[in-house]
Amino acid sequence: MVKLNDDYLNNKAAFEQAGIKVPTYDQAKIKQATADHPRWVHFGGGNLFRAFHAAIANTLIEKGELDSGVVVAETYDDGVVKDIYNAYNNRILRVVTKADGNFDKELIASVGEAHFFSPADQAGWDRMFEIFKNPSLQVVTFSITEKGYNLRTVDGALNDLTKADIANGPEKPKGNMAGLVSLLLARYQNGKTPLALLSTDNFSQNGDRLKDSVLTIAKGWKDNGFVDDAFLAYLQDPKQISFPISMIDRITPNPAEAVSDKLKDSGFEDYQIVHTARHTNIAPFTNTEEVHYLVIQDEFPNGRPKFEDAGVIVTDRDTVNDADQMKVTTCLNPLHTALAIFGSVLGFTAISKELQDKDLVALIKQIGYVEGLPVVTDPKVINPKDFIDQLVNKRLPNPYIPDTPQRIATDTSQKIPVRYGETIKQYVARDGFDPATLEFIPLTIAAWFRYLMAVNDEGQAFEPSPDPMMDDLKKYVGDIKLGEDTDVHAHLKDILTNTSIFGQDLYAVGLGTKVEGYFKQMIAGKGAIVATLEKALKDHAKTVA
């Protein structure tokens, strides 16, 4: 048996017996180096960081290309710092799960310090200010989810927390972004040393969103007399403070019970999953998939670790954008959404189970390879076809990545303009392409309308996933009954012409009537969704190489 806190340098054999790879460096020296000259701070100490960023740092330390550890600044849950980082000496067992059931296990000791960044934790608060004042600091990364950047209500007005932070100034901020700007102010007041703020959260133009949030706070403080124009100039000069964009792709769900059980059986004692008081699910281990990408814009005014030597693609802004567009509009997200919609109405509770259904696999192959791939912009740094190959053959079938169609179906109305609207737009814009030739994107849109009825393929009611437009959309289809003669056009025309959902009027591009036809088939009675999918594949599926 072996524990995470055991001496991995002197008891390497015990770890090897449990199938765990261990570092060759001395963690105590890395901790001291972090205290002396911090290089890298990361906001958000959750599962993605533990599986991905910490592993990047681990590789660079092993190669002698990073001379201190990562400082974790957890902003949401003090229990994560206390019960996971402090309790296990900042160590992580990363478990890379594979669809064939094999695991790669590695002990990672690259976290130099971990703090709860909140005025409620004075020691952690003060230490973060010390770190930001240190000119050695080069990069600050973020995985705090898109909500962590949000300063506004749904109608675009500043929310109450942000208003209070702007009114109260930099002394005791409550929100994440105000806390960050306070740290940047301390850095400005102690030498004006440059720094890169690199968002690695999973949404497009993430660095731009981070910059907008930072500047919103800073401008509010300037208007209230807390800071001067020179501080704003410092934040807006990319040679001083940069906000690179990134594309990140690695599925890292909550710790899985199945992984915990296998770790226990292998002789690893720290297999228990922790459920904190704030409802964070985390563990001494983190489970993740084998395929992963991080593409970042190379804009680091104070230098940076040699990220590319740990598999990160470091490139220019346009290439990052192309990689992001490839993933979001063609090679991953549209396929995910199709599985979410069909999986929900067909009663699936796991994405991996859907990948055992030949018709659903055929559907996403048609959307990805046949309809999306011809109009995708190749980012060159990632091959789009290889990306889809990995998704279909390795990633989505992995039973140890416990993702559900219901989770992915959340906020679908907000996702469709990008996940399908962009491909339709490319068919409209490019010579030689006719959007009216598309079959499986309109089939999926029709299935979405069928999903909005909140009745599954067996005719039973189900609860759709949360969506800000759900109440409005259900008005159009909620009165439709399976098997009854229905004027489909009257029900759907107002939605199919809604450019905020699809990016264009679907009738104008030759798809509205096609969507109506597929929807009419899907409301014919019980089992009609499966029957419609089978018929569409039989009549229209093209050979996939």
Side-chain angles (χ1 to χ4, degrees), residues 8-9 20-27 29-34 36-43 48-72 90-96 104-113 136-143 194-202 206-207 242 244-250 252 286 288-320 322-324 327 379-383 386-387 390:
Y8 64 78
L9 288 177
I20 298 171
K21 180 182 178 182
V22 298
T24 61
Y25 57 83
D26 185 336
Q27 183 184 16
K29 291 182 179 178
I30 290 299
K31 285 187 171 184
Q32 185 58 55
T34 306
D36 294 340
H37 51 267
R39 306 283 186 203
W40 182 355
V41 166
H42 183 87
F43 280 87
L48 178 61
F49 165 77
R50 292 165 65 77
F52 205 174
H53 306 74
I56 291 169
N58 187 71
T59 298
L60 295 176
I61 293 169
E62 285 281 9
K63 290 186 173 185
E65 293 173 356
L66 180 61
D67 60 359
S68 65
V70 184
V71 177
V72 172
N90 293 340
R91 294 180 182 178
I92 303 158
L93 181 71
R94 186 184 68 163
V95 181
V96 176
D104 289 339
K105 297 174 285 188
E106 183 173 9
L107 189 156
I108 292 170
S110 58
V111 174
E113 301 177 20
S136 66
L137 184 62
Q138 296 177 314
V139 59
V140 180
T141 50
F142 300 80
S143 60
L195 188 63
L197 304 180
L198 172 63
S199 172
T200 59
D201 275 291
N202 188 22
N206 44 22
S242 67
I245 61 171
S246 71
M247 185 279 273
I248 191 166
D249 185 24
R250 185 167 207 160
T252 307
T286 180
T288 189
E289 60 176 340
E290 58 181 318
V291 178
H292 55 272
Y293 296 98
L294 178 57
V295 187
I296 62 176
Q297 178 186 359
D298 195 2
E299 192 172 84
F300 295 85
N302 200 32
R304 62 171 174 82
K306 202 173 180 183
F307 289 125
E308 52 267 57
D309 282 4
V312 179
I313 299 169
V314 185
T315 184
D316 59 86
R317 181 183 175 91
D318 288 344
T319 302
V320 178
D322 287 344
D324 183 73
K327 180 189 81 163
K380 308 301 183 185
V381 294
I382 301 171
N383 181 282
D386 291 348
F387 189 98
Q390 292 171 333

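Here the closest heavy-atom approach between residue Ile108 and residue Ala54 is recorded as CG2-O, 3.6 Å. When every heavy atom of Lys105 is checked against every heavy atom of Val95, the shortest pair comes out as CG-CG2, 4.3 Å. Taking all atoms of both residues into account, the shortest heavy-atom contact from Leu197 to Leu195 is CD2-CD2, 3.9 Å. Shown here for Asp67 and Ala33, the closest heavy-atom pair between the two residues is O-CB, 3.1 Å. Smallest separation of non-hydrogen atoms from Ile30 and Thr34: O-OG1, 2.7 Å. Val295 and Ala323 get closest at one heavy-atom pair: CG2-CB, 4.3 Å.
Between the side chain of Lys327 and the backbone N or O of Asp249 there is no donor-acceptor pair closer than 3.5 Å. The backbone N or O of Arg39 lies less than 3.5 Å from no partner atom in the side chain of Ser136, so there is not a single donor-acceptor pair. Side-chain atoms of Glu299 never come within 3.5 Å of backbone atoms of Ala196 as a donor-acceptor pair (strictly under, hydrogens ignored). In this structure, the side chain of Arg94 engages the main chain of Ala51 through a donor-acceptor pair within 3.5 Å. For Asp309 (side chain) and Leu60 (main-chain N/O), no donor-acceptor pair under 3.5 Å exists by modelled atom type. Panel note: side chain Tyr293, backbone Phe387; no donor-acceptor pair is recorded below 3.5 Å. Panel note: side chain Tyr25, backbone Asn58; no donor-acceptor pair is recorded below 3.5 Å.
With salt bridges taken as basic N to acidic carboxylate O contacts below 4.0 Å, none links Asp322 and Lys380.
Residues Lys306 and Lys63 are not in side-chain contact: their nearest non-hydrogen atoms beyond the backbone lie 4.5 Å or more apart.
Note that OH of Tyr8 is 6.0 Å distant from CG of Asp26, once rounded to the nearest 0.5 Å. Atom NE2 in His53 sits 11.5 Å away from atom OG in Ser110 (nearest 0.5 Å). The distance from the CD atom of Gln138 to the CZ atom of Arg304 is 9.5 Å, given to the nearest 0.5 Å. Taking NZ of Lys29 as the start and NZ of Lys31 as the end, the distance is 15.0 Å to the nearest 0.5 Å. Once rounded to the nearest 0.5 Å, the distance linking CD of Gln32 with CD of Gln27 reads 13.0 Å. Distance check: Ile248 CD1 to Asn202 CG gives 7.5 Å after rounding to the nearest 0.5 Å.
Aromatic ring orientation, Phe43 versus Phe142: parallel (interplanar angle below 30°, classes split at 30° and 60°).
The only member of Thr200, Asp324, Asn206 that meets side chain to side chain donor-acceptor pair (under 3.5 Å) when paired with Ser246 is Asn206.
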- Message: Between Thr288 and Arg250, is the side-chain hydrogen bond (donor to acceptor under 3.5 Å, both in side chains) condition met? List the steps.
- Response: CA-CA 7 Å; Thr288 189; Arg250 185 167 207 160; 3.1 Å; yes
